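Can you keep this structure in mind? I'll have questions shortly.
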Amino acid sequence: MRIGEVAAAAGVSTRALRYYEEHGLLSSERSPSGQRHYTEDAVERVRWIQALFAAGLSSKAVVELLPCVHTGFATSAIIERLEEERARIDAQVRDLCATRDRLGEIIAAARDHRR
């Protein structure tokens with residue numbers, strides 16, 4: 001797949017794909033004319049990268065953790081790191097839920113006040 005096809009299928013920009021390559025998150029083969037060509041699994045990999053970034057992981061953390069996502073193999077150190085990231089994300093979810101609940105209370109109070 002060419003860079004534009006992967007970008008369109010994954011819902012990211014071609015610039016993002018080049019960034020991922022620069023940071024070792026994604027790889028491609030080059031044609032004789034220099035065009036990037038990706039394997040079919042590149043779209044799924046990009047979606048995982050996006051999900052990990054959205055969860056707040058750094059590119060360094062994603063580089064470390066992404067291989068075990070695809071292979072299912074992880075060292076005890078990687079498992080510990082994954083558990084730490086999961087705990088961090090759980091804390092974010094709790095904070096977001098508390099914020100959502102507080103906003104709900106504010107909305108309800110504002111509606112009551114308008115009446």
Side-chain angles (χ1 to χ4, degrees):
M1 297 178 75
R2 291 174 35 196
I3 192 167
E5 296 169 320
V6 174
V12 300
S13 67
T14 56
R15 184 173 186 212
L17 297 179
R18 288 190 288 275
Y19 173 87
Y20 297 160
E21 281 195 58
E22 289 173 20
H23 288 84
L25 299 169
L26 187 65
S27 62
S28 66
E29 297 291 325
R30 295 291 186 121
S31 70
S33 63
Q35 290 183 332
R36 290 174 167 89
H37 291 276
Y38 299 90
T39 59
E40 291 296 320
D41 68 338
V43 173
E44 180 184 348
R45 186 174 183 92
V46 169
R47 288 181 179 149
W48 265 107
I49 293 166
Q50 289 284 292
L52 294 171
F53 278 144
L57 277 72
S58 68
S59 57
K60 181 182 176 190
V62 174
V63 167
E64 292 173 13
L65 302 176
L66 194 60
C68 72
V69 169
H70 292 286
T71 65
F73 174 79
T75 64
S76 57
I78 295 294
I79 291 170
E80 186 175 320
R81 179 71 187 273
L82 288 165
E83 288 171 339
E84 289 170 2
E85 291 297 339
R86 181 180 59 192
R88 185 187 57 73
I89 292 167
D90 285 343
Q92 283 181 316
V93 168
R94 283 191 301 274
D95 291 346
L96 286 170
C97 287
T99 301
R100 181 203 56 212
D101 293 347
R102 181 66 180 127
L103 287 173
E105 293 167 5
I106 294 167
I107 291 167
R111 284 187 177 144
D112 288 344
H113 188 323
R114 283 191 334 185
R115 292 179 190 168

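Here the structure is a predicted model, which means the values were calculated and not measured.
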**Request:** Taking all non-hydrogen atoms of both residues into account, name the closest pair between L25 and R45 and its distance.
**Result:** O-NE, 2.7 Å
**Prompt:** If you take all heavy atoms of Y38 and S28, which pair is closest and at what distance?
**Reply:** CE2-CB, 3.4 Å
**Request:** Nearest 0.5 Å please: distance from the NE2 atom of H113 over to the CD1 atom of I106.
**Result:** 13.5 Å
**Message:** Please give me the minimum heavy-atom distance between L82 and C68, naming the atom from each residue.
**Reply:** CD1-SG, 3.7 Å
**Prompt:** Side chains of R30 and H37: closer than 4.5 Å at any heavy-atom pair?
**Reply:** no
**Nearest heavy-atom neighbours spanning A10 and R47** = CA-NE, 4.2 Å
**Prompt:** Does R100 have any side chain to side chain contact (heavy atoms under 4.5 Å, CB included) partners at least two apart in sequence or in another chain, and if so, which?
**Reply:** C97
**Message:** Quick check for you: to the nearest 0.5 Å, what is the distance between L66 atom CG and T71 atom OG1?
**Reply:** 9.5 Å
**Asked** For R88 and A55, which heavy atoms make the closest approach, and how far apart are they?
**Response** NH2-O, 2.8 Å
**Message:** Please check: side-chain N/O of E5 versus main-chain N/O of R2, any donor-acceptor pairing under 3.5 Å?
**Reply:** yes
**Request:** Might you work through the side chain to side chain contact (heavy atoms under 4.5 Å, CB included) test for V43 and M1, ending with a clear yes or no?
**Result:** CA-CA 9 Å; V43 173; M1 297 178 75; 4.0 Å; yes
**Request:** Measure the spacing between OG of S13 and CD1 of I3 and express it to the nearest 0.5 Å.
**Result:** 8.5 Å
**Asked** Taking 4.0 angstrom as the limit, do R81 and E85 come out as a salt bridge?
**Response** yes
**Prompt:** Given side chains that start at C-beta, do those of S59 and Y20 come closer than 4.5 Å, heavy atoms only?
**Reply:** no
**Item:** Electrostatic pair R102:E105 at N-O distance under 4.0 angstrom
**Value:** yes
**Prompt:** Should I78 and V63 be counted in the same cluster of Ile, Leu, Val, Met, Phe, Trp and Tyr side chains packed under 4.5 Å apart?
**Reply:** yes
**Gap between atom CG of D101 and atom CG of L96 - 0.5 Å precision** = 11.0 Å
